[in-house]
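Computation of the quantities below employed the complete heavy-atom set of this structure, encompassing side-chain atoms and omitting hydrogens, waters and symmetry-equivalent molecules.
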Amino acid sequence: MAKQIWKPGNMLYPLPAVLVSCMRPGGRPNALTVAWAATVCSEPPMLSVSVRKERYSHDIIMETGEFVVNLTTKQMVHATDYCGVRSGRDVDKFKECGFHEEPSQVISVPGIKESPVNIECKVAEAKVLGSHTMFIANVVGVLVDEAYMDENGKFCLNDAGLIAYSHGAYRELGETAGTFGYSVRKK
């Protein structure tokens, strides 16, 4: 099997398709679709989101230093796409998508109630790169939807119908192919 040589580019797929909510004090909340989101540290818990400088949400996050990463589901895929192609300068995305504000516990920015997980973040560093600014943030709070808790109190996130973004398409996560450590587990 032969491989073609392509010019350098971002081919790291799939990626989580998340909605990042942000808000200026006294303003209305906005939601931005981000596929460039990642865990960057587990202790302390930190993540990053990369946002184009011309996006409406970019300046809001720069000014406030706060945002919420909202995980997305199959039921949210239309709204997830909408929030990536419409600007909060022009439309109220919460209203247009039928989102409800989920009050945060630590920061002033609301999450999206329809999301199974809301990750509250405070910016630790804004790293200006080429086309994007990478916001490296401390995770300061997490809210999870009790609908995905089993009878033993275990959070069953994989039952939420999470979506990912892969090469121009939103994809529902599929069947389990393995679990952490299964390759070395004693049988």
**Q** Please check if I119 and V51 belong to a single hydrophobic cluster, counting links between Ile, Leu, Val, Met, Phe, Trp and Tyr side chain heavy atoms closer than 4.5 Å.
**A** yes

**Q** Taking the side chain as everything from C-beta on, heavy atoms only, tell me whether V68 gets closer than 4.5 Å to C121.
**A** no

**Q** Going by atom type alone, with no hydrogens or angles, which donor-acceptor pairs under 3.5 Å involve a side-chain atom of residues 123-137 and a protein atom two or more places apart or on another chain?
**A**
residue	atom	partner	partner atom	Å
T133	OG1	H58	NE2	2.8

**Q** Given side chain to side chain contact (heavy atoms under 4.5 Å, CB included), test L47 with V139 step by step and report yes or no.
**A** CA-CA 7 Å; L47 58 75; V139 174; 4.0 Å; yes

**Q** Evaluate the side-chain proximity of Q105 to L143: yes if any heavy-atom separation is below 4.5 Å, no if none is.
**A** yes

**Q** Could I get the full list of ring pair (Phe, Tyr, Trp, His ring centres under 6.0 Å) partners for F99, not counting sequence neighbours?
**A** F94

**Q** Let me confirm one number: the CD1-CZ distance from I61 to R55, rounded to the nearest 0.5 Å.
**A** 10.5 Å

**Q** How long is the straight-line distance from CZ of R86 back to SG of C97, given to the nearest 0.5 Å?
**A** 10.5 Å

**Q** Are F67 and L15 linked, directly or through intermediate hydrophobic residues, by side-chain heavy-atom contacts shorter than 4.5 Å (ILVMFWY only)?
**A** no

**Q** Testing the 3.5 Å rule here: is there a donor-acceptor pair between the side chains of S115 and E102?
**A** no

**Q** If you measure from CE on M62 to NZ on K53, what distance do you get to the nearest 0.5 Å?
**A** 9.5 Å

**Q** Got a second to check how far K93's NZ is from I112's CD1, nearest 0.5 Å?
**A** 10.0 Å

**Q** Counting only heavy atoms from other residues, nucleotides and ligands, does the tally under 6.0 Å from CD of E54 exceed 12?
**A** yes

**Q** Decide side chain to side chain contact (heavy atoms under 4.5 Å, CB included) for S108 and E66; before the verdict, give the C-alpha distance in whole Å, the side-chain angles of both, and the deciding distance to 0.1 Å.
**A** CA-CA 8 Å; S108 60; E66 296 182 342; 2.9 Å; yes

**Q** Can you get from M46 to V49 by hopping between Ile, Leu, Val, Met, Phe, Trp and Tyr side chains that sit under 4.5 Å apart?
**A** no

**Q** Got a salt bridge between R24 and E63, using NZ or NE/NH1/NH2 to carboxylate O under 4.0 Å?
**A** yes

**Q** Can you name the nearest heavy-atom pair linking V40 to S48, along with the distance?
**A** CG1-OG, 3.7 Å

**Q** Taking the side chain as every heavy atom from C-beta outward, state whether T33 and L19 have any pair of such atoms under 4.5 Å apart.
**A** yes

**Q** If you define the side chain from C-beta out and look only at heavy atoms, does anything of L71 sit under 4.5 Å from T73?
**A** no

**Q** Going only through I, L, V, M, F, W and Y residues with side-chain contacts under 4.5 Å, is there a path from V20 to I60?
**A** no

**Q** For G88 and R28, which heavy atoms make the closest approach, and how far apart are they?
**A** O-NH2, 3.0 Å

**Q** Mind checking what makes ring pair (Phe, Tyr, Trp, His ring centres under 6.0 Å) contact with Y13, not counting sequence neighbours?
**A** H167

**Q** Would you please test D145 and V117 for side chain to side chain contact (heavy atoms under 4.5 Å, CB included) and show each step?
**A** CA-CA 6 Å; D145 190 332; V117 178; over 6 Å; no

**Q** Please tell me if the side chains of P110 and P103 come closer than 4.5 Å, counting only heavy atoms from C-beta onward.
**A** no

**Q** Nearest 0.5 Å, what's the CG-CD distance between N118 and E101?
**A** 12.0 Å

**Q** Output all residues satisfying side chain to side chain contact (heavy atoms under 4.5 Å, CB included) with T179, sequence neighbours left out; order by chain, then residue number.
**A** T176, Y182, R185

**Q** Any non-hydrogen side-chain atom of L157 less than 4.5 Å from a side-chain atom of Y148?
**A** no

**Q** Does T39 use its side chain to pair, donor to acceptor, with the backbone of C41 at less than 3.5 Å?
**A** no

**Q** According to side chain to side chain contact (heavy atoms under 4.5 Å, CB included), who are the partners of V140, at least two apart in sequence or on a separate chain?
**A** V106, I107, E120, K122, N138

**Q** Quick one: do H100 and E114 satisfy side chain to side chain contact (heavy atoms under 4.5 Å, CB included)? Show the steps, please.
**A** CA-CA 7 Å; H100 298 89; E114 290 71 19; 2.5 Å; yes

**Q** Partners of A17 by side chain to side chain contact (heavy atoms under 4.5 Å, CB included), sequence neighbours excluded?
**A** T72, T80, I163, Y165, Y170

**Q** Give a yes-or-no answer on whether the side chains of S21 and N70 include a donor-acceptor pair shorter than 3.5 Å.
**A** yes

**Q** Report yes if some heavy atom in the side chain of W36 is under 4.5 Å from a heavy atom in the side chain of N10; otherwise report no.
**A** yes

**Q** In the single-linkage hydrophobic clustering (I, L, V, M, F, W, Y; side-chain heavy atoms under 4.5 Å), do V18 and V77 co-cluster?
**A** no

